[in-house]
Amino acid sequence: MRHFNYKNGELYAEDVPLRDIAAKTGTPVYIYSTATLERHFNVFTQAFAGRKALVAYSVKANSNLGVLATLSKMGAGADVVSGGELARALSAGIPSTKIVFSGVGKTRPEMDMALKAGIKVFNVESLAELHVLNERAGVMKLKAPIAFRVNPDVSAGGHEKISTGKAENKFGIAWSRAQAAYAEAAKLPHIEIIGVDVHIGSQITELTPFKAAIEKVGGLIKRLRAQGHNIKSFDVGGGLGIPYNSDNDVPPGPDAYGRLVKQLTADMEIELIFEPGRMIAGNAGVLLSRVIYVKQGEDRKFAILDAAMNDLIRPALYDAYHEIEPVMQTTSDLRSLYDVVGPVCETGDTFAKQRSLPDLKADDLVVFHSAGAYGAVLSSQYNTRPLIPEVMVNGAEFSVIRQRPSLEDMLSLESMPDWLSATHNAV
Ligand code: LLP
């Protein structure tokens, strides 16, 4: 059940009419539902009841401090991929002992930050990284807890830009080199092996790829243990898909995913770690936008919105589908086909082509559903469009959790080169 529903002919987020938020913050604006975030987190954790499991929310999906604090309060850990995300997770109150650090290019300063914080585990992706981590931990007279992220060469299906578990992808330790990597790590004085990690991709809509990856990595864990490595945790990553199109998407739910993972790991005596991002945040958010103009083209109608590809890039980048709905329900059955576009000067600034929608006119409010994950975090200021505000709803209350910067704020980070400054030539 989602918490964006029509009541009395208009769309609400929980008990707040979206119209009220638009009136307060202007549009476009991202809106997140606390109840949905909580529900998704609960459903996911309950799927692993009875097992030792850490749900490390993947911060990259939506890193707003309000979202992180909501999940932190429920006991979530965090999967971070940069020093910036680590700082966010810590500042939202997520304990360092529940933070896992992933990514192929961790820098020395990022490692230092994470070592100082005392995170749970570094998911190491290359031998080069392993040696640098050993050196940094040595300087700090510590042992760095590590798991290798292994690349199981399993196809996750879905869009090629978000597949990560194939041999040709940059991620993880090559499958044929994994055992040697553990042998090498075991020799290093400032490294402590604690587990194995795998993540094969995102928006995965079948269980088969998870099954293949977990079976393959399960075999590796057995071999590593037989070789004397103390493998205490198995991080199975994130990637569980969500319904974007309520008419025809039926990805497996967390319960089915949970049953599969529990069954495949039943005899392992191991702590499970999960890194779900989209599953938690995706359907907990909408992007609210206003129609600026409706234009009749040669052979089609364009609905030109005030949101653009810089605010929500998923359609332009991955041909992603987002459901679009008007905020006010109409009594008439009239519908038209629209190309739904933004004001940015690129043809790629197209959210949907020939989408059937109730008749739209200027000033109408519309929402993009399933925009809570990989929405705000992927936005930019292209065309000098300010980053848009983010709002969190909780029951009948709402709060602005990120302000729209003013144009002065945006310009203030830039300065003239010395040779163009007024005083330069006067000297
Ligand atoms: N763990 C690792 C190591 C990851 O790389 C990712 C996502 C996750 C966990 C979380 O995956 P999720 O549960 O959210 O599928 N921008 C793309 C998605 C990129 C995913 C990147 N990695 C999109 O908008 O579809």
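When reading the values below, keep in mind they use all heavy atoms of this one structure, side chains included, and skip hydrogens, waters and symmetry mates. Whatever order the structure lists them in is the order used to number ligands and atoms, beginning at 1.
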Item to check | Sidechain N-carboxylate O distance under 4.0 Å for Lys7, Asp15 | outcome: yes

Next on the checklist: Please report whether ligand 1 has a polar contact with Leu378, defined as an N or O pair separated by less than 3.5 Å (distance criterion only).
Outcome noted: no

Item to check | Proximity of Tyr318 to ligand 1 by residue part, where a heavy atom lies under 4.0 Å | outcome: side chain

Checklist outcome for this item: One finds that the ligand 1 atoms under 4.0 Å from a non-hydrogen atom of Asp79 are 1 (N), 2 (C), 9 (C)

Item to check | Atoms in ligand 1 with a heavy atom of Gly238 nearer than 4.0 Å | outcome: 9 (C), 13 (O)

Next on the checklist: Quick check on contacts: which atoms of ligand 1 are under 4.0 angstrom from a heavy atom of Glu275?
Outcome noted: 1 (N), 2 (C), 3 (C), 8 (C), 9 (C), 10 (C), 13 (O)

Next on the checklist: Any carboxylate oxygen within less than 4.0 angstrom of a Lys/Arg side-chain nitrogen, looking at Lys170 and Glu125?
Outcome noted: no

Item to check | Electrostatic pair Glu129:Arg149 at N-O distance under 4.0 angstrom | outcome: no

Item to check | Atom indices of ligand 1 within 4.0 angstrom of Arg149 heavy atoms, with elements | outcome: 3 (C)

Next on the checklist: I'd like to know whether Glu269 forms a salt bridge (charged side-chain N to carboxylate O under 4.0 Å, His left out) with Arg225, so could you lay out the CA-CA distance, the side-chain angles of the two residues, the decisive distance to 0.1 Å, and finally the verdict.
Outcome noted: CA-CA 12 Å; Glu269 288 200 32; Arg225 283 176 164 173; over 6 Å; no

Item to check | Within-shell test, Arg314 vs ligand 1, heavy atom, strictly < 4.0 Å | outcome: yes

Item to check | All pairs passing ring pair (Phe, Tyr, Trp, His ring centres under 6.0 Å) where residues 45-98 contributes a residue, at least two apart | outcome: Phe44-Phe48, Phe48-Phe274

Checklist entry - Can any side-chain N or O of Arg404 pair as donor or acceptor with the backbone N or O of Pro386 at less than 3.5 Å? => result no

Checklist outcome for this item: Check: of Tyr244, Phe274, Tyr374, Phe171, min heavy-atom distance to atom 20 (C) of ligand 1 comes from Tyr374

Item to check | Pro276 neighbourhood, listing ligand 1 atoms whose heavy-atom distance to it stays under 4.0 Å | outcome: 13 (O)

Checklist outcome for this item: Within 4.0 Å of some non-hydrogen atom of Gly277, the atoms of ligand 1 are 12 (P), 13 (O), 14 (O)

Item to check | The single option from Lys301, Arg300, Lys353 passing salt bridge (Lys or Arg N to Asp or Glu O under 4.0 Å) against Asp339 | outcome: Arg300

With a 3.5 Å cut-off and sequence neighbours excluded, list the donor-acceptor pairs that the side chains of residues 283-290 form with protein atoms.
| residue | atom | partner | partner atom | Å |
| --- | --- | --- | --- | --- |
| Asn283 | OD1 | Ser370 | OG | 2.6 |
| Asn283 | ND2 | Pro243 | O | 3.2 |
| Ser289 | OG | Asp306 | OD1 | 2.7 |
| Ser289 | OG | Ala307 | N | 3.2 |
| Arg290 | NH1 | Asp363 | O | 2.8 |

Next on the checklist: Is the contact between His199 and ligand 1 made by the side chain, the backbone, both, or neither, using heavy atoms and a 4.0 Å cut-off?
Outcome noted: side chain

Checklist entry - With atoms numbered from 1 as shown, which atoms in ligand 1 lie under 4.0 angstrom from a non-hydrogen atom of Arg278? => result 12 (P), 13 (O), 14 (O), 18 (C), 23 (C), 25 (O)

Next on the checklist: Tell me whether Glu85 contacts the main-chain N or O of Ser63 through its side chain, where contact means a donor paired with an acceptor under 3.5 Å.
Outcome noted: no

Item to check | Residue-ligand contact Gly239/ligand 1, heavy atom below 4.0 Å | outcome: yes

Next on the checklist: I'd like to check whether Ser202 has a polar contact with ligand 1, where a contact means an N/O of the residue lying under 3.5 Å from an N/O of the ligand.
Outcome noted: yes

